Amino acid sequence: MHALNYLTTRARAWWWLVDHWYYPGGRGRDLRLDYLRGFAVFAMIVDHLGSASWFHPLTGGNSFFVSAAEGFVFISGLLVGIVYGDLMRKQGWRAAARKALARAWTLYTLTVPLTILFVAGIFWLNLPFASWYTIGEDPWRLIISIITLQRTFVFADIPLLYTQLLVIAPLGLAFLQCKSTAPLLGLSLGIWGAYQVAPEVMDRFPWQIEGNWIFHIAAWQLLFIGALALGYHREEASAWFNDRPRWPMYLALWAAFGLLLYIFPQVNPDDPLAVALFDKGRLGVGRLVSAAIIFPLMYLTLTLFWKPLHKMAGWLLNPLGENSLYSYTLHIFWLIVFYTVLPWLTGDPGGNVALNSVLQIVAVLLTRLAIQNRVLFKIIPR
């Protein structure tokens, strides 16, 4: 009996503690989204700097079924649905559309110079990426093609995708204002499906972009539009979520994630079926299912264990997430520095696991320090 009472008391103490770890809620800024976006920044820096790292088991090494890119696109769509959706309810569609297009212009004015400077840097310094492209003999033609969004380059392709997605956001908001969520999702799913069937044709949607290997808008818009609709209908989604017991849902998501971990080593990347399911460029159905498991799992983990997780890493991840566009721009600079300095140090660009890991953390911490000191905040959008 004494042992039973002891176990009961300890169990009550544990559940009291867990209950006080919950995210406090409220209608202000959702700090969990900043935390998750900050983790995506961390993963992006780790996965892009070097070919090996001690942190790849945590980040996925840009080879798992979901990467930082899916997280960025999903959270971006979610925030557009929340922020611009609220603006649309208060001031109408035109106000929200103007805000979205202004943000698209900001992204465009970042994408173009960032692409030009990055291309110039890697070819001038003869970095490894220089062998991936031929820039031609006419640099002005290259610059014009970048300005007109007909050409991109690795790592600069993500801001280009964001620019395109913000341009189409007003159309999605118009559907939502007209209470046409189902037709919007149907249209988005149809465009995504067309890309799965005929990618060579849909690569020309809305026009051909040379050098765009992965982030094809015809495929990736589905993740953005789905998140946009979810963000707009967050009240209904929260009500549905709150009506269901959290812990069984949480354990089920962990079980599904365990299944993904079991499947991952067995997937043959040369198998046509694996390509169809998990190819990043196509945003295959396997990647979408994986995102549908991992994103709610991470969000629910933060909901249930917010206080210890925020205390542990919030000082780092939340500022990175709040300034994600700024962090992404700095990460391009770290890429150039990394692949310039590392071969000089070791003769091996990216193969030294220990050195990679140290330099990755240094890049993350320097980004955090730059945010804290507002370095170039008047120049680099946030």
Side-chain angles (χ1 to χ4, degrees), residues 41-53 55-56 59 61-63 67-69 107-163 209-215 320 324-371 375-376 379-381:
V41 170
F42 170 81
M44 171 189 67
I45 294 174
V46 167
D47 293 346
H48 288 173
L49 269 62
S51 57
S53 174
F55 302 104
H56 280 175
T59 67
N62 205 23
S63 62
S67 68
L107 286 163
Y108 172 80
T109 58
L110 171 68
T111 300
V112 170
L114 186 65
T115 305
I116 293 172
L117 291 173
F118 186 54
V119 170
I122 65 171
F123 278 94
W124 180 50
L125 296 168
N126 194 29
L127 301 186
F129 315 115
S131 63
W132 297 4
Y133 293 87
T134 302
I135 63 173
E137 298 180 357
D138 186 353
W140 289 110
R141 185 174 181 179
L142 172 66
I143 291 172
I144 291 171
S145 67
I146 292 173
I147 292 173
T148 56
L149 302 184
Q150 297 180 72
R151 186 161 189 177
T152 188
F153 205 87
V154 63
F155 304 122
D157 48 3
I158 297 179
L160 173 58
L161 175 67
Y162 289 161
T163 304
I209 302 176
E210 187 179 353
N212 187 26
W213 295 348
I214 296 177
F215 299 105
L320 294 177
S324 58
L325 193 56
Y326 175 90
S327 301
Y328 187 89
T329 305
L330 280 194
H331 125 279
I332 296 288
F333 173 75
W334 303 137
L335 275 167
I336 294 175
V337 172
F338 182 93
Y339 284 103
T340 301
V341 171
L342 197 61
W344 178 72
L345 289 175
T346 67
D348 181 9
N352 188 312
V353 179
L355 186 57
N356 280 1
S357 304
V358 170
L359 291 178
Q360 289 156 2
I361 288 300
V362 168
V364 171
L365 293 176
L366 286 176
T367 303
R368 173 64 179 87
L369 187 63
I371 292 170
V375 176
L376 299 178
I379 299 174
I380 303 174

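Please read all numbers here as calculations on a predicted model, not as lab measurements.
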[X] (side chain) donor-acceptor with [Y] (main chain) under 3.5 angstrom:
X: Y326; Y: V375; result: yes
X: Y108; Y: I147; result: yes
X: S324; Y: L320; result: no
X: N212; Y: F215; result: yes

Residues 361-368, side-chain donor-acceptor partners within the protein, below 3.5 Å, at least two apart:
residue : atom : partner : partner atom : Å
T367    : OG1  : W334    : NE1          : 2.8
T367    : OG1  : A363    : O            : 2.8
R368    : NE   : W315    : O            : 2.7
R368    : NH2  : W315    : O            : 3.3

State the [atom1]-[atom2] distance between [X] and [Y], to the nearest 0.5 angstrom.
X: I158; Y: T111; atom1: CD1; atom2: OG1; result: 11.0 Å
X: I122; Y: L335; atom1: CD1; atom2: CG; result: 10.0 Å
X: L160; Y: I209; atom1: CG; atom2: CD1; result: 4.5 Å
X: I380; Y: L330; atom1: CD1; atom2: CG; result: 5.0 Å
X: D157; Y: Y162; atom1: CG; atom2: OH; result: 10.5 Å
X: I332; Y: T115; atom1: CD1; atom2: OG1; result: 8.5 Å

Is there a side chain to side chain contact (heavy atoms under 4.5 Å, CB included) between F118 and I336 once you walk through the steps? CA-CA 8 Å; F118 186 54; I336 294 175; 3.8 Å; yes
With sequence neighbours excluded, what pairs up with H56 under the ring-ring contact (aromatic ring centres under 6.0 Å, His included) test?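 Once residues adjacent in sequence are excluded, H56 has no partner under the ring-ring contact (aromatic ring centres under 6.0 Å, His included) criterion.
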Within a strict 4.5 Å, meaning less than it, do heavy atoms of the L325 and L107 side chains meet?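 Yes, their side chains come closer than 4.5 Å.
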For residues 357-366, pull every pair meeting side-chain hydrogen bond (donor to acceptor under 3.5 Å, both in side chains), keeping only residues two or more places apart or in separate chains.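 Qualifying pairs: S53-Q360.
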So with a 6.0 Å cut-off around CZ of F333, is the heavy-atom count from everything else above 12?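 Check fails, neighbour count at 12 or below.
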Holding to side-chain hydrogen bond (donor to acceptor under 3.5 Å, both in side chains), I want the full list of residues that pass it with N126, two or more places apart in sequence or in another chain.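 Listed in chain order: nothing, the list is empty.
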Could you tell me which residues satisfy side-chain hydrogen bond (donor to acceptor under 3.5 Å, both in side chains) with D47, sequence neighbours excluded, listed by chain and number?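 By the side-chain hydrogen bond (donor to acceptor under 3.5 Å, both in side chains) rule, D47 matches T59.
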Tell me which donor-acceptor pairs under 3.5 Å the side chains of residues 148-156 have, and how far apart each pair is, sequence neighbours excluded?
residue : atom : partner : partner atom : Å
T148    : OG1  : I144    : O            : 2.8
T148    : OG1  : S145    : O            : 3.3
T148    : OG1  : Q150    : NE2          : 2.8
R151    : NH2  : T134    : O            : 2.7

If you look at every heavy atom in H48 and Y339, which pair is closest and at what distance?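 Residues H48 and Y339, closest heavy atoms: O-OH, 3.5 Å.
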Please report the closest heavy-atom contact between N356 and A52, naming both atoms and the distance.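 What the structure gives for the nearest pair is ND2-O, 2.9 Å.
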